Amino acid sequence: RGKRAFIAGIADDNGYGWAIAKSLAAAGAEILVGTWVPALNIFETSLRRGKFDESRVLPDGSLMEITKVYPLDAVYDSLEDVPEDVKNNKRYAGSSNWTVKEVAETVKQDFGTIDILVHSLANGPEVSKPLLETSRNGYLAAVSASSYSYVSLLKHFIPIMNPGGSSLSLTYIASERIIPGYGGGMSSAKAALESDTRVLAFEAGRQHKIRVNTISAGPLRSRAAKAIGFIDTMIEYSIANAPLQKELSADEVGNAAAFLASPLASAITGAVIYVDNGLNAMGVGV
Ligand code: NAD
């Protein structure tokens with residue numbers, strides 16, 4: 001049987017989640033997607049109307065099939081955690097079962113088990129503010145949406161993951177080096193995500209034989225990255241200074257994710273894998 005993957009954090013065809021879905025689909029995996037509730041309508045409508053058909057083309061010429069799209073808000077673990085104003089918000093009221101626990105339960109009802117879990121989501125409401133100007137709420141919101149969301153997803157999906165399964169998130173080098181402009185506690189959130197990758201690799205490995213890794217990706221002009229405001233500068237900087245002087249394509253990250261999810265990577269866990277044209281290895285820009 002082919003493997004089944006759940007990818008959290010796809011709402012268009014520009015981000016890393018989409019590229020990872022394509023690489024996994026090209027390798028024969030069945031694709032399930034978790035889409036942020038406020039973005040669900042437009043994503044499903046665009047899919048249905050064929051807006052993504054060009055970018056659904058796989059290397060063999062066939063189109064990637066998404067078996068099911070689940071509404072998801074990874075900031076809420078279960079229904080009891082959802083505040084009234086969110087429950088009654090009209091963008092949320094039209095969907096149901098979108099807390100992490102409920103999504104895992106629904107996937108279990110629908111398909112029984114999965115083999116691959118991908119976390120490709122982040123959110124920091126104050127990302128454009130320097131850390132010194134970030135509020136407590138902004139900082140905690142960044143960590144909640146971008147780091148704890150992964151702990152929660154893994155915790156709720158592990159019971160339905162087959163042993164030998166693989167789990168993956170996306171991180172950024174601002175966790176370990178100073179990247180001015182990546183603010184709002186997002187650098188802190190990525191540091192937490194990387195540290196958690198090691199601890200979760202231990203716990204999920206010992207208890208369930210599941211591998212946990214994170215890809216430290218170079219800059220990509222995704223929707224989320226455009227919202228930060230400095231993505232073009234980061235792409236230019238990388239092309240100018242990295243060992244490999246080319247623009248990074250989302251597919252290169254997708255292919256690394258497919259490798260990490262596959263048995264070819266059966267001894268790799270607890271790792272931060274750089275897919276960034278080597279920029280992380282530079283000490284100075286030249
Ligand atoms: P993206 O916009 O394609 O993906 C981010 C997704 O997160 C969006 O689909 C958004 O709807 C979703 N999301 C936000 N809050 C959510 C929530 N509470 N619940 C569920 N979904 C939620 O952008 P991307 O850049 O491809 O981001 C994917 C991952 O890659 C993120 O972890 C990001 O930090 C990481 N990353 C991006 C870059 C880059 O330059 N783009 C570099 C390194 C790492």
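These figures come from a predicted structure and were not determined experimentally. Counting starts at 1 for both ligands and their atoms, following the listed order.
Remark: ligand 1 atoms within the under-4.0 Å shell around heavy atoms of Leu72 are 19 (N), 20 (C). Close contacts of ligand 1 with Gly9, meaning ligand atoms under 4.0 Å from a residue heavy atom, involve 4 (O), 6 (C), 9 (O). Residue contact check: Lys190 has heavy atoms under 4.0 Å from atoms 31 (C), 32 (O), 33 (C), 34 (O) of ligand 1. Residue contact check: Ser120 has heavy atoms under 4.0 Å from atoms 4 (O), 5 (C), 6 (C), 28 (C), 29 (C) of ligand 1. Within the listing of ligand 1, atoms 17 (C), 18 (N), 19 (N), 20 (C) sit less than 4.0 angstrom from a heavy atom of Ala74. The atoms of ligand 1 that sit less than 4.0 Å from any heavy atom of Asp73 are 17 (C), 18 (N), 19 (N). Annotation for ligand 1: atoms under 4.0 Å from non-hydrogen atoms of Gly218 are 40 (O), 42 (C). Against a heavy-atom cut-off of under 4.0 Å, Thr171 is close to the following atoms of ligand 1: 43 (C), 44 (C).
Of the inter-residue distances, the one linking Leu63 atom CG with Asp53 atom CG reads 5.5 Å to the nearest 0.5 angstrom. With values rounded to the nearest 0.5 angstrom, Lys209 atom NZ is found 13.0 Å from Asn162 atom CG.
Side-chain atoms of Asp115 come within 3.5 Å of backbone N or O of Arg4 as a donor-acceptor pair. In terms of modelled atom types and a separation under 3.5 Å, the side chain of Ser147 and the main chain of Ala189 share a donor-acceptor contact.
Hydrophobic clustering (side-chain heavy atoms under 4.5 Å, transitive across Ile, Leu, Val, Met, Phe, Trp, Tyr) keeps Ile7 apart from Val75.
Between the side chains of Thr197 and Tyr150, no donor-acceptor pair of N or O atoms lies under 3.5 Å. Judged purely by distance below 3.5 Å, without hydrogens or angles, the side chains of Ser78 and Thr99 never pair a donor atom with an acceptor atom.
Considering backbone and side-chain atoms alike, Asp12 places every N or O at 3.5 Å or more from each N or O of ligand 1. Of the N or O atoms in Ala145, none lie within a sub-3.5 Å distance of an N or O in ligand 1. An N or O contact shorter than 3.5 Å is missing between Ala225 and ligand 1 by distance.
Residue contacts with ligand 1 do not include Ile215, since none of its heavy atoms lies under 4.0 Å from the ligand.
Using a 30° and 60° split on the angle between ring planes, Phe43 and Phe52 fall in the tilted class, from 30° to 60°.
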